There are 2 protein chains.
Amino acid sequence: MTKFMDVHHGMVGITDEQLREAHAADLAIQEEEGVAFERAWADPDDGVVYCLSEAPDAEAVQRIHQRAGHPADEIHRVPLTV
Amino acid sequence: MTKFMDVHHGMVGITDEQLREAHAADLAIQEEEGVAFERAWADPDDGVVYCLSEAPDAEAVQRIHQRAGHPADEIHRVPLTV
């Protein structure tokens, strides 16, 4: 398992409720790909959302996001953390 | 205090030690601007570093990063979190 940070653009105006619903949609199916989404942060002004997860690989992260209806624009493996 | 996610590009090949040193350099002076850096994640392959902080504003985050020798390329206010 490796940590991943994925990024969604074009989310200008996202609300707290929308972020929670999107996160819940990921959590509902994440086990099917062995993914564990940990946190998400949203900037509604610039329309950027960051999601932190642990997953077998980036493709597994993307499959969950795609099935939940919000594919990521970038997925970065972030093995280094402080 | 608001949460911020800042992003550094061009960090290809960053090592765990370099990430820790950069983070420590921020922590050493962050109180002077009322900033609290919480976590950082690095992707050495794509050369991207994400830093999560709480701060009075984005300018305070940038002043600490600049003084520590690594100005951010993007600073996003992320008031929404899950």
Side-chain angles (χ1 to χ4, degrees), chain A residues 1-28 30 35-55 57-59 61-62 64-65 68 70 72-82, chain B residues 1-28 30 35-55 57-59 61-62 64-65 68 70 72-82:
Chain A
M1 295 287 275
T2 306
K3 285 209 183 289
F4 291 88
M5 183 75 81
D6 68 76
V7 188
H8 306 251
H9 297 286
M11 308 296 285
V12 172
I14 185 171
T15 65
D16 189 63
E17 183 178 0
Q18 288 170 328
L19 181 66
R20 289 176 188 285
E21 285 178 358
H23 188 61
D26 290 326
L27 297 187
Q30 65 181 7
V35 179
F37 284 99
E38 297 179 358
R39 301 281 305 276
W41 300 268
D43 173 348
D45 297 327
D46 293 338
V48 188
V49 176
Y50 300 94
C51 300
L52 182 70
S53 64
E54 282 204 355
D57 52 42
E59 290 71 23
V61 174
Q62 186 65 297
I64 295 298
H65 273 336
H70 44 254
D73 298 299
E74 306 171 41
I75 302 180
H76 296 281
R77 195 175 68 94
V78 287
L80 309 184
T81 66
V82 289
Chain B
M1 296 286 275
T2 307
K3 285 208 185 288
F4 291 88
M5 184 74 83
D6 67 78
V7 188
H8 305 251
H9 297 286
M11 308 295 287
V12 172
I14 186 172
T15 65
D16 189 62
E17 184 178 0
Q18 289 171 328
L19 180 66
R20 289 177 188 285
E21 286 178 358
H23 188 60
D26 290 327
L27 297 187
Q30 66 181 7
V35 179
F37 285 99
E38 298 180 358
R39 301 280 304 277
W41 300 268
D43 173 348
D45 298 327
D46 293 338
V48 188
V49 176
Y50 300 94
C51 300
L52 182 70
S53 64
E54 282 203 356
D57 52 43
E59 291 71 23
V61 174
Q62 186 66 298
I64 295 298
H65 274 337
H70 44 254
D73 297 301
E74 306 171 42
I75 303 180
H76 295 281
R77 196 175 68 95
V78 288
L80 310 184
T81 65
V82 291

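Keep in mind that what you see is a predicted model, and the values were worked out from it rather than measured. No hydrogens, no waters, no symmetry mates; every other heavy atom, side chains included, goes into these values.
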Check your understanding: Is there side-chain contact between R39(A) and R39(B), with at least one heavy-atom pair below 4.5 Å?
Key -> no
Review point. With a 4.5 Å heavy-atom cut-off, do Y50(B) and H76(A) have their side chains touching?
Key: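 A side-chain contact under 4.5 Å exists here.
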Check your understanding: Does any heavy atom of chain B fall under 4.5 Å from the side chain of D16(A), the backbone, both, or neither of them?
Key -> both
Check your understanding: By a 4.5 Å heavy-atom criterion (distance strictly below it), what part of V82(B) contacts chain A: side chain, backbone, both, or neither?
Key ->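 It is both, since atoms from each part get that close.
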Study note, to complete from the structure: Minimal heavy-atom distance between T15(B) and L80(A), with the atoms involved, is C-CD1, 3.5 Å
Point to revise | Among I14(A), L52(A), V49(A), residue most engaged with chain B (heavy-atom pairs, under 4.5 Å) | key: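 Highest number of pairs under 4.5 Å: L52(A).
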Review point. Of all of E38(A), H23(A), E74(A), R77(A), which one pairs up most often with chain B through heavy atoms under 4.5 Å apart?
Key: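 Going by pairs under 4.5 Å, I would pick R77(A).
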